[in-house]
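Report on one structure; see the data block that follows.
The figures that follow rest on heavy atoms only: side chains count, while hydrogens, waters and symmetry mates do not.
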Amino acid sequence: MKRLFVQNKKQQDWLNNLARLEEKFISKSAEIDELSIFPKENIEDLVKLGYTSITLPKEYGGEGLSVYDMVLLQETLASYDANTALSVGWSLGVVGDLFEKKLWTKEKLDFFSKEILNGALINRSVSEAQTGSPTRGGRPGTTAVKNGDNWLLNGRKIFTTASPVLTYFLTSAWIEEKEKVGFFLIHRDIEGVSIEETWDVISMRGTSSNDLVLTNVVVHETDLVELPELVSGGKVNGWLLHIPATYLGVAQAARDYAVHFANTHSPNSLNGTIAQLPNVQQLIGEIDLELTKARFVIYGAAAAYDNEASRDLLANEISVAKHVVTNSAIAIVDKAMRLVGAKSLQRTNPLQRYYRDVRAGLHNPPMDDMTIKKLAQSALEEDQDIIR
């Protein structure tokens, strides 16, 4: 079914590039999860492949791939190893968004494009223990104080995914003198920047989403790169579809395992495999129904975003795609485990890892309740406009 969504040779070429890493990545996936280790070698392989610059526009020397392209590749990568996909996905998404919207000055974008081509990785560091997700509107406790031509930053960020390999942290901080939240570009080697290894969870154990600690960090005034009117940026960000793409890839891996199991598992109570059983066929049909629904939603949203004629019409569709795909992924893995039975609970069985990993999607932005709330508000506001 996925072949239906491959639209051109460039996409196929990149899928072929990733396929050369498939066996290697899959072979290490269980160990990454079991030992909660960051897949550093996988990321290095992707950097060498040029994968980390695929969302950088062509005019800056990158591949200039679209959101749709990214979703296709990220889904595939996640079916090999979810931790690797989610980790590199954040950098791909940030780069795509920065250069599409020209969020920084030309000079800063020119500089940063060269950094990306040299293998630099970036993630936004915005979440804090006291505020939770920034999409809920909390003011960051991290502060930035002007001191001559410099800024002095202090604070702590949580959920800094891919912390062992990030070159830059795009960090939010409260600027009292401006009464605004600003974003600062901070290199990992600046004095006062440190990572505290706090990541001890049951899902996506290898993403090393540790705490970023800023202690009297001094950056130049030009490193205040964004001063948005709204903390969330205000505009729809299709590049965030790298998140549900990851969980779609995990769901596909779970589906493939379950189907293969059905075709090969032959208990002595049957003359043949369990694939002939109506209840097994029912589960497989339900799994593929969820997978088809999720895939059409996410690729439809990605295509609408890439089309400049329809992009401005998008309101909640990116959030809806994340909601649908994430919840479908959870349902798919659950059904796959029901099909396989108690064997799926063995620690050596990949399904139990998939089951834990897809749960993490519920806690990636945007949250389900926020998506539902915004849909309701949009519906009510649209009707009020008609009444007026």
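- Side-chain N/O atoms of Ser378 and Asn316 include a donor and acceptor closer than 3.5 Å.
- Contact check for Val320 versus Leu375: side-chain heavy atoms found under the 4.5 Å cut-off.
- When every heavy atom of Asp33 is checked against every heavy atom of Arg353, the shortest pair comes out as CB-CD, 3.4 Å.
- Ser66 and Asp69 share a side-chain donor-acceptor pair at under 3.5 Å.
- Ser344 contributes no side-chain N or O that, together with a main-chain N or O of Val340, makes up a donor-acceptor pair within less than 3.5 Å.
- Closest approach of Leu109 and Leu98 over heavy atoms only: CD2-O, 4.3 Å.
- In this structure, Pro228 and Val181 approach most closely via the heavy-atom pair CD-O, 3.6 Å.
- Asn237 and Tyr305 share no donor-acceptor pair across their side chains, judged by distance under 3.5 Å alone.
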Tell me, with the steps shown, if Asp357 and Tyr247 meet side-chain hydrogen bond (donor to acceptor under 3.5 Å, both in side chains).
CA-CA 8 Å; Asp357 282 347; Tyr247 299 108; over 6 Å; no
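- With respect to Leu77, the side chain to side chain contact (heavy atoms under 4.5 Å, CB included) criterion is satisfied by exactly one of Asn42, Thr246, Leu46, Leu86: Leu46.
- Between Asp288 and Arg255 a salt bridge is recorded (basic side-chain N to carboxylate O distance below 4.0 Å).
- Heavy atoms from other residues, nucleotides or ligands lying under 6.0 Å from NZ of Lys108 number more than 12.
- Using a cutoff of 4.0 Å between basic side-chain nitrogens and carboxylate oxygens, Glu128 and Arg156 are not scored as salt-bridged.
- A salt bridge links Lys28 with Glu41: at least one charged nitrogen is closer than 4.0 Å to a carboxylate oxygen.
- Glu226 and Arg124 are joined by a salt bridge, as a carboxylate oxygen and a charged side-chain nitrogen come within less than 4.0 angstrom of each other.
- Atom CD1 of Ile190 is separated from atom NE2 of His220 by 12.0 Å, given to the nearest 0.5 angstrom.
- Between Thr160 and Asn210 there is no side-chain heavy-atom pair separated by less than 4.5 Å.
- Under a 4.0 Å N-O distance rule, the pair Arg205/Glu34 does not qualify as a salt bridge.
- At a threshold of 4.0 Å, the pair Asp110-Lys106 counts as salt-bridged, since one of the basic side-chain nitrogens sits closer than that to a carboxylate oxygen.
- No side-chain donor from either of Tyr354 and Gln252 sits under 3.5 Å from a side-chain acceptor of the other.
- Distance check: Asn123 CG to Thr161 OG1 gives 6.0 Å after rounding to the nearest 0.5 Å.
- Taking every heavy atom of both residues into account, Lys157 and Pro140 meet most closely at NZ-CB, 3.8 Å.
- Using a distance-only test at 3.5 Å, with no hydrogens or angles considered, a donor-acceptor pair links the side chain of Asn118 to the main chain of Lys114.
- Other residues, nucleotides and ligands contribute more than 12 heavy atoms inside 6.0 Å of the CZ atom of Arg311.
- The two residues Leu362 and Thr326 come nearest to each other via the heavy atoms N-CG2, 3.7 Å.
- Side-chain atoms of Glu286 and Gln282 form a donor-acceptor pair, as typed in the model, at a separation below 3.5 Å.
- Across Trp174, Phe184, Phe183, a single residue satisfies ring-ring contact (aromatic ring centres under 6.0 Å, His included) together with Trp151, and that is Phe184.
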Step by step, work out the side-chain contact (heavy atoms from CB on, under 4.5 Å) result for Leu92 and His242.
CA-CA 8 Å; Leu92 296 178; His242 79 86; 5.9 Å; no
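- Annotation for Val145: hydrophobic cluster partners, listed by chain and number, are none (ILVMFWY side-chain heavy atoms under 4.5 Å, direct or chained).
- The aromatic ring centres of Phe112 and Tyr168 sit less than 6.0 Å apart.
- Side-chain atoms of Ile298 and Phe5, non-hydrogen and from C-beta on, never get closer than 4.5 Å to each other.
- The shortest heavy-atom contact between Trp239 and Gly93 is CB-O, 3.5 Å.
- Ion pair Asp13/Lys9 flagged as a salt bridge, since at least one NZ, NE, NH1 or NH2 atom sits closer than 4.0 Å to an Asp/Glu carboxylate oxygen.
- Using a 4.0 Å cut-off between charged nitrogen and carboxylate oxygen, Lys335 and Glu290 do not count as a salt-bridge pair.
- Between the side chains of Asn349 and Tyr257, at least one donor N or O lies within less than 3.5 Å of an accepting N or O.
- Other residues, nucleotides and ligands place more than 12 heavy atoms under 6.0 Å from the CD atom of Glu59.
- Side-chain atoms of Leu56 and Phe99, non-hydrogen and from C-beta on, do get closer than 4.5 Å to each other.
- Residues Ile175 and Leu224 form a side-chain contact, since some pair of their non-hydrogen atoms from C-beta on lies under 4.5 Å apart.
- No more than 12 heavy atoms of other residues, nucleotides or ligands sit less than 6.0 Å from atom CG of Asp200.
- Leu73 and Leu240 are assigned to two separate hydrophobic clusters, defined by single-linkage of ILVMFWY side chains at heavy-atom distances under 4.5 Å.
- The shortest side-chain heavy-atom distance between Thr55 and Ile116 does not fall under the 4.5 Å cut-off.
- Looking at heavy atoms from C-beta onward, Leu212 lies in side-chain contact with Leu214 at the 4.5 angstrom threshold.
- Between Lys146 and Glu221 there is a salt bridge, since a side-chain N of the basic residue sits under 4.0 Å from a carboxylate O of the acidic one.
- Checking Asp211 against Thr198 by side-chain atom types alone, a donor-acceptor pair falls below 3.5 Å.
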